[in-house]
Amino acid sequence: MNRKDPAAPAEHKLTVRELVEALIADGVVAKEDAENLLLPARSARAEIHPLAQIAEQKWKSAKPPHKPLNLETLTEWLAGRVGLPYYHIDPLRINVTAVTNTMSDAYAARFRILPVEVNAREVVVATAEPFLTEWEKELAPILRLQIRRVVANPLDIQRYLAEFYSLARSVKRAAQTQNSAFAGGLSNFEQLVEMGRGGNLDANDQHVVHIVDWLLQYAFDQRASDIHLEPRREHGDVRFRIDGVMHHVYQLPLAVLGAVTSRIKGLGRMDIVEKRRPLDGRIKTRSPDGDEIELRLSTMPTAFGEKMVMRIFNPDVIVQSYREMGFSDEDVGRWNQMAGQSNGIILVTGPTGSGKTTTLYSTLRQLAVPEVNVCTIEDPIEMISPQLNQMQVQHNIGLDFTSGVRTLMRQDPDIIMVGEIRDLETAEMAIQAALTGHLVLSTLHTNDAPSAISRLLDLGVPPYLINATLLGVMAQRLVRTLCPHCKEREALDGAAWEALVRPWKAPAPAQGNAPRGCLECRMTGYLGRVGLYEMLVMSPALRALVKPACDVAALRELAYKEGMKPLRISGALKVAGGLTTIEEVLKVAPPPYGV
């Protein structure tokens with residue numbers, strides 16, 4: 001089966017027998033294991049690629065380290081056997097518009113090939129049939145480009161062949177219906193703004209509906225936390241945020257992007273006509289696995305049209321155990337010490353996207369036993385939960401955080417969650433709730449835990465009320481975690497470790513882990529995120545320092561002495577545990593004040 005062997009037939013499809021005999025010859029599979037698969041009845045399934053049939057056997061390689069012979073491993077073996085490069089199809093790295101323009105979907109389907117890269121010099125075409133080369137001779141003179149063949153997973157080729165061409169076809173046909181004014185010259189900025197709003201495209205056009213369905217399902221499949229639809233001068237960009245990092249996904253004609261935005265606004269029961277002011281909405285849908293998923297929608301008028309962001313809330317992700325969120329044993333103890341109180345205020349601080357919502361919902365889920373009444377006031381409601389009584393801020397009818405908390409106090413609650421303390425009125429209402437026997441959880445935007453106390457003082461909250469009600473503050477960040485499938489051990493950089501833990505003295509671990517990259521993590525080396533936490537539990541000594549002219553530096557120093565670990569030390573523990581890298585922690589965790 002060697003491609004360089006002159007005795008090998010030039011044109012033929014792979015067979016199970018041919019592949020199994022090659023695996024045996026290479027010492028990958030034992031002959032006795034392959035006997036059943038070589039029976040004629042088992043090898044006659046022409047509709048399934050031979051590699052897929054072999055992968056179904058779930059064999060392990062006879063060669064150390066005896067890796068499972070899954071379809072991807074077998075594809076990589078086949079590529080090396082025939083002397084062609086192995087290619088893993090990552091849809092996030094493929095310019096769908098460019099590759100689908102190189103050949104028709106009928107031609108690609110006929111030979112079961114898929115163009116995956118194209119530039120001014122060559123086109124890269126993925127195939128799972130390395131001995132079928134007729135198409136290469138036909139395409140080269142037509143495209144006037146060099147053709148480079150690569151071997152890819154046959155099921156990936158089949159899947160993305162359908163997805164890429166279906167999407168490209170929908171975009172093309174949707175674009176053909178756009179207002180003819182788009183084709184004309186644009187003379188000034190105002191015309192650009194007006195035309196960036198979608199032209200005359202129908203948001204319910206079947207092609208637009210297909211694009212939206214693909215976009216949502218694709219985002220769920222790629223584990224995206226946010227979908228961004230961004231109008232530019234000449235086109236519209238679609239980007240996903242995955243593990244905190246933005247990825248460019250697709251480029252749409254501006255009119256099509258406007259129609260897609262209108263379609264999503266309609267699904268979210270938003271005002272489709274209103275494009276001059278920001279709007280909010282929400283959609284509840286299902287993932288490919290059938291799980292319910294909520295999306296929070298937000299639009300913003302920009303120079304070239306309406307920008308939309310869809311934040312994805314997966315119940316399995318947003319409600320996690322303390323261990324899954326990254327709490328250490330000490331963190332769990334300190335957090336439960338605060339959350340176990342019958343009254344008082346607990347604050348969670350950090351920038352947008354630092355995991356505060358996940359922390360609050362996970363805590364509320366554990367506190368919401370049948371014996372207690374848990375109520376929330378949010379702007380907006382991030383995740384609807386049947387165990388909670390949730391109310392959303394509506395400024396247009398005068399329902400803000402202050403009036404919302406006042407209402408909740410009349411609802412006989414045991415625990416109240418206030419989405420965010422933004423002003424003195426909201427802070428005072430939260431304090432009144434705590435003083436009257438309720439446990440209150442809320443958020444603030446500060447860099448670390450001790451700064452939350454100075455923020456409350458800046459808002460105008462008297463020190464004696466802070467001392468009477470505040471149970472503690474937790475600051476947090478999210479850091480990318482190393483992929484467990486491919487991370488590898490390596491010696492730690494001593495200088496980098498010192499920079500991480502400064503000014504504290506902490507011995508560096510003998511070894512750490514580094515990102516390598518594999519198919520599971522799309523070659524990034526990282527998969528998922530975990531929290532870093534800084535927990536300040538109020539004590540009599542700390543309360544004594546809360547004064548009108550509060551010395552936050554002294555308060556912070558005393559909190560460290562009482563056991564509060566700063567964010568970077570929390571990150572250092574994650575590095576020592578092999579969960580992440582020093583570089584990732586330094587990106588998200590601010591340095592200690594005064595360092």
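Owing to the predicted nature of the structure, the values given are computational and were not obtained by experimental measurement. In what follows, every heavy atom counts, from backbone to side chain, and hydrogens, waters and symmetry copies are set aside.
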Option passing side chain to side chain donor-acceptor pair (under 3.5 Å) with Asp243 (candidates Arg480, Arg223, Arg529):
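So the option named by the test is Arg223.
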Out of curiosity, [X] [atom1] to [Y] [atom2], how far, rounded to the nearest 0.5 Å?
X: Asn153; Y: Leu155; atom1: CG; atom2: CG; answer: 5.0 Å
X: Ile227; Y: Leu215; atom1: CD1; atom2: CG; answer: 4.5 Å
X: Leu408; Y: Met417; atom1: CG; atom2: CE; answer: 10.5 Å
X: Arg269; Y: Leu279; atom1: CZ; atom2: CG; answer: 15.5 Å
X: Phe327; Y: Thr359; atom1: CZ; atom2: OG1; answer: 5.5 Å

Is a side-chain donor-acceptor pair under 3.5 Å present for [Y] with [X]?
X: Asn373; Y: Asn389; value: yes
X: Asp90; Y: His88; value: no
X: Tyr218; Y: Glu163; value: no
X: Tyr526; Y: Thr581; value: yes
X: Trp335; Y: Thr363; value: yes
X: Glu72; Y: Tyr86; value: yes
X: Ser385; Y: Gln390; value: no
X: His210; Y: Ser166; value: yes

Under the salt bridge (charged side-chain N to carboxylate O under 4.0 Å, His left out) rule, what do Glu234 and Arg232 come out as? Steps first, then yes or no, please.
CA-CA 6 Å; Glu234 303 294 341; Arg232 307 299 188 199; over 6 Å; no
Arg296 vs Asp379, salt bridge (charged side-chain N to carboxylate O under 4.0 Å, His left out): CA-CA, chis, key distance, verdict:
CA-CA 11 Å; Arg296 193 182 76 194; Asp379 183 21; over 6 Å; no
Residues Thr443, His445; criterion side chain to side chain donor-acceptor pair (under 3.5 Å); working and verdict:
CA-CA 7 Å; Thr443 67; His445 288 287; 5.5 Å; no
If we check side-chain contact (heavy atoms from CB on, under 4.5 Å) with Val118, which of these qualifies: Val124, Asn95, Leu145?
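Exactly one pass, corresponding to Leu145.
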Does Gln251 CD have over 12 foreign heavy atoms under 6.0 Å away?
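Count over threshold, so yes.
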